[in-house]
Amino acid sequence: QVQLVESGGGLVQAGGSLRLSCVASGRTFSAYAMGWFRQAPGKEREFVSGINWNGGDTYADSLKGRFTISRDNAKNTVYLQMNSLKPEDTAVYYCAARRSFGPPMYESDYDYWGQGTQVTVSS
């Protein structure tokens, strides 16, 4: 079993920054590609960013360079740096892991999910 635990969420004013962390346990972290998704109230879960085994990254088009994903395999951790936050970024952010390879934006391809961390951006 693989467990993912997110942290770093909270309340921030528009224009501020947050850094989310996701720590994996149970299996070798380096074997997994990792992703971040988010779900706002009343909306479907959507892709935010993904990073593969070699550090290659992908972002949702709407983020326009505000978010940066990274990973530290020695610490079994993936990060999401979020800058210039907007109220529309308010959502529960989920960390996910997959052993398969391919496009990172499809949530059905991920095998394990964290329980999420709340990010709230006020105006």
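Only heavy atoms go into these numbers, but all of them, side chains included; no hydrogens, no water, no symmetry mates. Treat the numbers as computed from the prediction; the structure is a model and nothing was measured.
At most 12 heavy atoms of other shown residues, nucleotides or ligands fall within 6.0 angstrom of atom CD in Gln3. Remark: Glu44 CD is loosely packed, at most 12 non-hydrogen atoms of other residues, nucleotides or ligands lying under 6.0 Å away. Other residues, nucleotides and ligands contribute only 12 or fewer heavy atoms inside 6.0 Å of the CD atom of Gln13.
Criterion: ILVMFWY side-chain heavy atoms under 4.5 Å apart, direct or through other members. Under it, Val121 and Tyr94 are not part of a common hydrophobic cluster. At a threshold of 4.5 Å between side-chain heavy atoms, the hydrophobic network of Ile, Leu, Val, Met, Phe, Trp and Tyr places Val119 and Leu80 in one connected group. A single hydrophobic cluster is seen to contain both Met82 and Tyr59, as judged by linkage of ILVMFWY side chains at heavy-atom distances under 4.5 Å, directly or through other members. When hydrophobic clusters are built by joining Ile, Leu, Val, Met, Phe, Trp and Tyr residues whose side-chain heavy atoms come closer than 4.5 Å, directly or via intermediates, Val48 is grouped together with Tyr112. A single hydrophobic cluster is not seen to contain both Val92 and Val12; linkage of ILVMFWY side chains at heavy-atom distances under 4.5 Å, directly or through other members, places them apart.
Atom CD of Glu6 and atom CH2 of Trp36 lie 5.5 Å apart (nearest 0.5 Å). Atom OG of residue Ser123 and atom NZ of residue Lys86 lie 14.5 Å apart, to the nearest 0.5 angstrom. Separating the CD atom in Gln81 from the CG atom in Leu18 is a distance of 8.5 Å, to the nearest 0.5 Å. Atom CZ of Phe67 is separated from atom CZ of Arg19 by 14.5 Å, given to the nearest 0.5 angstrom. Distance check, rounded to the nearest 0.5 Å: OG of Ser70 to CE of Met34 gives 11.5 Å. Annotation: the span from Asp89 atom CG to Arg38 atom CZ amounts to 5.0 Å, rounded to 0.5 Å.
Ring geometry, Trp113 versus Phe37: the interplanar angle falls from 30° to 60°, so the pair is classed tilted.
Screening Asn76, Thr117, Val78 against Cys22 for a side-chain contact (heavy atoms from CB on, under 4.5 Å) leaves a single residue, Val78.
Contact between Ser49 and Thr58 at its shortest, heavy atoms only, is OG-O, 2.9 Å. Closest of all the heavy-atom pairs between Ser84 and Ser17 is N-OG, 4.2 Å. Nearest approach of Tyr110 to Ala33, heavy atoms of both residues: CE2-O, 4.4 Å.
For the pair Tyr79 and Asp72, the minimum side-chain heavy-atom distance is below 4.5 Å. Between Val5 and Gln115 the shortest side-chain heavy-atom distance does not fall below 4.5 Å.
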